[in-house]
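Encoded as structure tokens, the structure appears first; notes follow it.
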Amino acid sequence: MSWLVVDMLFKDFIRICMRIGSTSSITEKKNIVATYLKELERSEWKPFILFLVGKPIPDSIEGGLGVGYSTIMKALKNPIKPLFPSNPLTLNDVFNELIKIAYIRGKDSSKRKFEALASLMGRMSREERIWLSKIILGELRIGLVDGHLLGALSNVLGLSLEDIRRAYLLRGDLGDVVDVALKGVEALRNVPPRLFSPIRPMLATPASSIAEAYNMIGGGEAAVEVKYDGARVQIHIKNGRVKIFSRRLTDVTYSLPDVVEIVRNGVSVDEAILEGEVVAYERGSGKPLPFQTLMKRFKRIYNIEEAMELIPLKIHLFEIIYLNGKLLIDTPYSDRYDLLVERVSEELLANRIVTSNIREAESFYKRALDYGHEGVMVKRLNSPYILGVRGKHWIKVKSKETLDLVIVGAEWGHGRRSSWLSDYYLAVYDPNSGEYLVVGKTFKGLTDEEFQYMTKRLLELKVKDEGFRIWVKPEIVVEVDFNEIQKSPKYKSGLALRLARITRIREDKSPEEAATLEELYQLYERQFEKKGKVI
DNA sequence: ACTGATGCGTC
DNA sequence: GTCGGAC
DNA sequence: GTCCGACGACGCATCAGT
């Protein structure tokens, strides 16, 4: 290491990114990161680590950067040159400028954010501008994510990965973890769960049947819990004060005063962190409302009273992570659930059974679907509350539907798919007009080989070329799975598929044999046998 | 006051 | 959110 | 078995332009 301390230049950081991106070995990526961390000033660790995972600023800055694709394109085209030549930018220069941009709020903020970005870019070379854009868009594509950096931190500082992961779970922000880790093992281990500061949520793995789900958790007794079609929330409570966080840890308390009230009345604890699903229900019938309708409530800050009247919410709790000073992430799930049940009134709990009998579990699943819910979660009873799903503890089983649709257009892919047409416009047939109407796009479900084949065929069928997109003669039929039909404000057909993915290419079918517009509308209406409808 | 583009969140 | 592929 | 990067739908807030 040199005795002369020189801050890392942004252009040197780019060299490092390129090196990391050019190797496919994760171990080597981590080694490169570790090598440079050792050479860096500690004040540079935070930007170094955040930039490497494609985060321009720490997640904890509320509101985010407020700069996206369009603003970047504009700034790339119109960089504002400095009046006087300036020094080459260091990593910290760039980081500090980005934080300034994040804090530009209010009147003319778009314009001022653009100007700040364009000025920053004006001080950069073309290559630096491109890489800055990648960082802002979170599309570095060098194969590093938060988990790898936690590993690198652990190696370089000689701290256990377990301690680092725990801090990450509890702090929720990678930048904060860097700060705490730099203070040493004591500070790291003593990261207290902070009430009103959200914890990263434990995730689930999908399965296609109940039997498969049981198989994945190794059989035996499991909890089978209704999976509601809503939004996951984390609720922090301290002496009657309540805060609600969304899955990506943003504070949504303000939009959900009714949920706050329900929690105040139905939960008796001094201090706790709970998790559950917020779901919209139709008044009267009690049927769940479509996800689309729930979203009208979710990030709302105006006309909340009105929306509350129209779209009532319920909470279905399924977790307790913290209780009266004690963190429960290492407590087995079944014990956590006992603690939850003791303190929460019954109507606030997610509906569930505990069984080792697969038939029983399947019939519970069917009943959940009959009530208009999304499916079930199968949970291992002894599982801790952990990140990274080391071993599968929570398995989700959801219903799906299938239709044959026609491909009428396609877009060129990006990254490893850049040589293929990989994103397809799916359409239904309307025999009345002879038209094919788009009901959504998908890029999911095909193998590399199939993409190659499709690209060739689609180009043969091309009727119009728009550069990034082509339109084709309706001829190729594909079988498509999806979760729900939504009302679409965007497509002329008026409907769109939620979570569409191709399951196979139907060489045997002609486009006239594909699903029709009328069929799709019938299916859409049929959803309301189980679901509610407002407006 | 309204509309469309943009950003960012939920799934 | 889902999927295939790379590890 | 695990992780990652391909990218989908809609709804709300904010801002720019009329």
Side-chain angles (χ1 to χ4, degrees), chain A residues 23-29 53-54 62-74 105-114 136-148 203-206 208 216 227-233 246-252 255 277-278 290-304 307 374 388-392 396 398 400 411 413-418 420 422-426 439-451 480-491 495-503:
Chain A
T23 169
S24 56
S25 153
I26 288 169
T27 320
E28 200 184 330
K29 287 177 199 284
V53 294
E62 282 214 33
L65 189 62
V67 167
Y69 182 78
S70 299
T71 312
I72 288 171
M73 284 331 232
K74 219 161 51 165
R105 309 279 162 93
K107 178 109 182 77
D108 295 330
S109 64
S110 293
K111 196 182 285 173
R112 282 154 56 221
K113 278 174 194 274
F114 158 73
I136 295 176
L137 293 171
E139 291 177 355
L140 238 50
R141 296 174 221 260
I142 56 172
L144 284 181
V145 286
D146 293 20
H148 294 137
L203 305 174
T205 311
S208 53
M216 284 162 78
K227 187 175 193 312
Y228 300 89
D229 190 7
R232 182 160 171 188
V233 292
S246 69
R247 168 161 166 178
R248 287 197 201 171
L249 315 183
T250 52
D251 185 343
V252 290
S255 305
E277 190 87 357
V278 167
F291 179 74
Q292 238 180 335
T293 311
L294 171 70
M295 281 298 106
K296 288 172 184 281
R297 285 287 319 270
F298 220 68
K299 281 175 62 192
R300 178 173 290 282
I301 57 174
Y302 303 112
N303 305 322
I304 292 175
E374 192 178 37
V389 198
R390 239 190 338 239
K392 299 179 161 68
K396 55 182 157 187
K398 297 165 66 165
K400 64 174 173 65
E411 290 178 10
H414 296 91
R416 64 185 299 279
R417 295 177 165 190
S418 45
W420 302 320
S422 63
D423 201 0
Y424 307 126
Y425 286 84
L426 305 167
V439 295
K441 266 167 90 187
T442 188
F443 57 92
K444 288 192 275 256
L446 296 189
T447 62
D448 287 4
E449 210 177 328
E450 288 168 319
F451 278 129
V480 175
D481 277 2
F482 58 94
N483 286 48
E484 193 188 20
I485 304 166
Q486 294 179 303
K487 199 166 187 109
S488 172
K490 173 171 152 186
Y491 293 118
L495 297 177
L497 305 180
R498 171 146 78 132
L499 307 180
R501 60 266 186 193
I502 295 173
T503 49

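Residue numbering restarts at 1 for every chain, and letters A, B, ... go by the order of the sequence lines.
- Among dG9(B), dT2(C), dC7(D), the nucleotide with an atom closest to any side-chain atom of M295(A) is dG9(B).
- In this model, the phosphate group of dC10(D) is approached by a side-chain N or O of S488(A) to a distance below 4.0 Å at OP1 or OP2.
- Here the side chain of S255(A) pairs a donor or acceptor atom with the backbone of F298(A) at under 3.5 angstrom.
- For Q292(A), no side-chain nitrogen or oxygen approaches OP1 or OP2 of dA9(D) to under 4.0 Å.
- Between E411(A) and K296(A), the residue whose closest nucleotide on DNA chain D is further toward the 5' end is E411(A).
- Between Y302(A) and the phosphate of dG11(D), there is no side-chain N or O to OP1/OP2 separation shorter than 4.0 Å.
- As rounded to whole Å, 15 Å separates atom C1' of dC10(D) from atom CD1 of I485(A).
- In this structure, R416(A) pairs ionically with D448(A), as a charged nitrogen and a carboxylate oxygen lie closer than 4.0 Å.
- Of the candidates dC10(D), dA6(C), dT2(C), the closest approach to any side-chain atom of D448(A) belongs to dA6(C).
- Rounded to an integer number of Å, the gap from D229(A) CG to dC10(D) C1' is 12 Å.
- Contact annotation: S246(A) side-chain N/O to dG9(B) OP1/OP2 distance is not under 4.0 Å.
- Put simply, OH on Y228(A) is 16 Å from P on dC11(B), counting in whole angstrom units.
- When the nearest nucleotides of DNA chain B are assigned to R232(A) and K299(A) by heavy-atom distance, the more 5′-ward of the two goes with K299(A).
- Comparing atom distances between the K441(A) side chain and each of dA9(D), dA13(D), dG5(C) picks out dA9(D) as nearest.
- Taking every side-chain heavy atom of K111(A) into account, dA16(D) is the closest of dA13(D), dA16(D), dC11(B).
- Within the 4.0 angstrom heavy-atom criterion, no nucleotide atom of any strand lies near I502(A).
- Judged by distance alone, the side chain of R417(A) and the main-chain N or O of F443(A) form a donor-acceptor pair under 3.5 Å.
- By the 4.5 Å heavy-atom criterion applied to side chains, T442(A) and V480(A) are not counted as neighbours.
- Rounded to whole Å, atom C1' of dC15(D) lies 12 Å from atom CZ of R112(A).
- Look at R416(A) and you won't find any side-chain N or O under 4.0 angstrom from OP1 or OP2 of dG4(C).
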Subject >> R501(A)/N483(A) under side chain to side chain contact (heavy atoms under 4.5 Å, CB included): CA gap, chis, key distance, verdict >> reply: CA-CA 10 Å; R501(A) 60 266 186 193; N483(A) 286 48; 2.5 Å; yes
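- For dT2(D), the OP1/OP2 oxygens have a side-chain nitrogen or oxygen of K392(A) closer than 4.0 Å.
- Looking at heavy-atom distances under 4.0 Å, L294(A) makes no contact with the nucleic acid at all.
- Nucleic acid contact for K398(A): sugar-phosphate only, since backbone atoms but no base atoms lie under 4.0 Å from a heavy atom of the residue.
- Taking the side chain of K396(A) as heavy atoms from C-beta on, and the options dT14(D), dC7(D), dT2(C), the nearest nucleotide is dT2(C).
- Dashed line: the shortest gap from a side-chain N or O of K487(A) to OP1 or OP2 of dA9(D) is not under 4.0 Å.
- Contact annotation: R501(A) reaches the phosphate of dC3(C) (side-chain N/O to OP1 or OP2, under 4.0 Å).
- Considering only side-chain atoms of R498(A), the nucleotide from dC7(D), dC11(B), dG4(C) that sits closest is dC11(B).
- Listed pair H414(A) / dC7(D) meets the phosphate criterion, a side-chain N or O lying under 4.0 Å from OP1 or OP2.
- Proximity of K113(A) to the phosphate of dT14(D): no side-chain N or O atom is located under 4.0 Å from OP1 or OP2.
- Taking only side-chain atoms of F291(A), from C-beta outward, the nucleotide of dC11(B), dG9(B), dG4(C) with the closest atom is dC11(B).
- Regarding contacts with the backbone of dG7(B), a side-chain N or O of T71(A) is found under 4.0 angstrom from either OP1 or OP2.
- Residue contacts shown for V252(A) are absent, as no nucleic acid heavy atom lies under 4.0 Å away.
- Comparing dC3(C), dA9(D), dG9(B) by their closest approach to the side chain of A496(A) singles out dA9(D).
- Looking at E484(A) and Q292(A), their side chains never come closer than 4.5 Å, going by heavy atoms from C-beta outward.
- Taking the side chain of R248(A) as heavy atoms from C-beta on, and the options dC11(B), dG7(B), dC10(D), the nearest nucleotide is dC11(B).
- Within 4.0 Å (heavy atoms only), P489(A) reaches sugar-phosphate atoms of the nucleic acid but no base atom.
- Two residues are said to be in side-chain contact when any heavy atoms from C-beta on lie closer than 4.5 Å; K400(A) and T503(A) fail this criterion.
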